Amino acid sequence: MASQILPLELIDRCIGSRIWVIMKSDREFSGILLGFDDFVNMVLEDVTEYETTLQGKKKTHLAQTLLNGNNICMLIPGSSGPEDT
Amino acid sequence: MPPPKSKGGKMLSLINWRLKVTINDGRALTGQMLAFDRHMNLVLADCEEFRRVRTKKKDAGEVGSGQEQEIKRTLGLVILRGETVVSISVEGPPPVVDEDKKNALPVGPGRGMPAGRGMGMMPPIGQPPMRPPMGFPPGGMPGPPPGFRPPGFPPGMPFPPPGFTGAPPPGFQPPQ
């Protein structure tokens, strides 16, 4: 009965679809998840980086990016970023 | 010695409950906990994020420095990395699921009927159920006694040759 699906299994199911990654800092990424490893390092494709600074919000487009799992805080499957909600 | 059920028991008892999770960057998340693992990674449904933001220099002159503003965002289904979890508290009980509504399916537009290939399970209407009679005795069986006629044959007719099925096909008139 326990928890029927583990958090990492849920991430695994997101491979190939868009995911919104919120880092520990005020930085967020939205992209198509290509893969991840045991440390939840992630490779994203067709990425938009959102950076909130005192000056305001900055948006950067990146073709492909590798995220260090150490800095990841939250993952939101199926969402295309802060502008989606 | 710890009680036998202590392993993950507290977290397990909180599953499906609405929790408020504080994380180490000052944010708080509320959501229904669907799953967790040994790293305290959490899956939270209908998640909302709250951030306390101090309005700094920019608004200091207008509003007054040190004022805190709470920013709320709706995130939906969230996977939270366990490393960042600072504390968990109960926000509310699990949403009540109506058992009757869960099991009862609404009436749909379809209809139910038996399905099969070709011939149905039932004999076609208008014909009596009929087992093909055995025209000849299987090997090792004695033949019919003299004067014995399979059903369906009028008296006075010659005994059917082997291989001939006893009953005439439907609609066939026996010879007069």
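Predicted, not measured: the structure shown is a model, and the values here were computed from it. Chain naming here is simple, since letters A, B, ... match the order of the sequence lines and numbering starts at 1 in each.
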Subject >> Side chain / backbone / both / neither for A:Asn70 at chain B, heavy atoms under 4.5 Å >> reply: both
Original post:
Roughly how far apart are B:Glu49 CD and A:Ile22 CD1, rounded to 0.5 Å?
Top reply: 5.5 Å
Original post:
Does a side-chain heavy-atom distance below 4.5 Å link B:Glu83 with A:Ile72?
Top reply: no
Original post:
How about residues 86-95 of chain B versus chain A: which residues have heavy atoms under 4.5 Å apart?
Top reply: none
Subject >> Distance in Å, B:Thr84 OG1 paired with A:Asn71 CG, rounded so as to fall on 0.5 Å steps >> reply: 12.0 Å
**OP:** Mind listing the closest non-hydrogen atom pair of A:Ile76 and B:Leu77 along with its distance?
**Re:** CG2-O, 3.4 Å
Original post:
Which residue pairs satisfy the salt bridge (charged side-chain N to carboxylate O under 4.0 Å, His left out) criterion with at least one member in residues 63-73 of chain A, sequence neighbours excluded?
Top reply: none
**OP:** Sequence neighbours left out, what pairs pass side-chain hydrogen bond (donor to acceptor under 3.5 Å, both in side chains) with at least one residue falling in residues 28-40 of chain A?
**Re:** A:Arg18-A:Ser30, A:Trp20-A:Glu28, A:Glu28-B:Arg73, A:Asp37-A:Asn41
Original post:
Same cluster for B:Leu29 and B:Ile15 if Ile/Leu/Val/Met/Phe/Trp/Tyr side chains link at under 4.5 Å?
Top reply: yes
Subject >> Neighbourhood of chain A inside residues 17-28 of chain B, taking heavy atoms under 4.5 Å as contact >> reply: B:Ile23, B:Asp25, B:Arg27
Original post:
Side chain, backbone, both or neither: which part of A:Ile11 has a heavy atom under 4.5 Å from chain B?
Top reply: both
Original post:
Can you check whether A:Met74 reaches B:Ile79 side chain to side chain, under 4.5 Å on heavy atoms?
Top reply: no
Subject >> Residue B:Leu44 versus chain A: region with a heavy atom under 4.5 Å >> reply: neither
Original post:
With respect to chain B, which residue among A:Gly78, A:Cys14, A:Gly69 yields the maximal number of heavy-atom pairs within a distance under 4.5 Å?
Top reply: A:Gly69
Subject >> Hphob cluster co-occupancy, B:Leu80 + B:Met40, side-chain heavy atoms under 4.5 angstrom >> reply: yes
**OP:** Spell out, yes or no, whether A:Leu75 and A:Tyr50 are grouped together once hydrophobic residues are joined by side-chain heavy atoms under 4.5 Å, including indirect joins.
**Re:** no
Original post:
Does one hydrophobic cluster hold both A:Ile15 and A:Leu10, with members joined at side-chain heavy-atom distances below 4.5 Å?
Top reply: yes
**OP:** Determine, stepwise, if the pair B:Arg51 / A:Asp26 fulfils side chain to side chain contact (heavy atoms under 4.5 Å, CB included).
**Re:** CA-CA 11 Å; B:Arg51 256 185 308 176; A:Asp26 284 327; 3.7 Å; yes
Original post:
If we only count heavy atoms from C-beta on, is the B:Asp37 to A:Leu8 side-chain gap below 4.5 Å?
Top reply: yes
Original post:
Are B:Leu14 and B:Val85 connected in a single hydrophobic cluster, I mean Ile/Leu/Val/Met/Phe/Trp/Tyr linked by side-chain heavy atoms less than 4.5 Å apart?
Top reply: yes
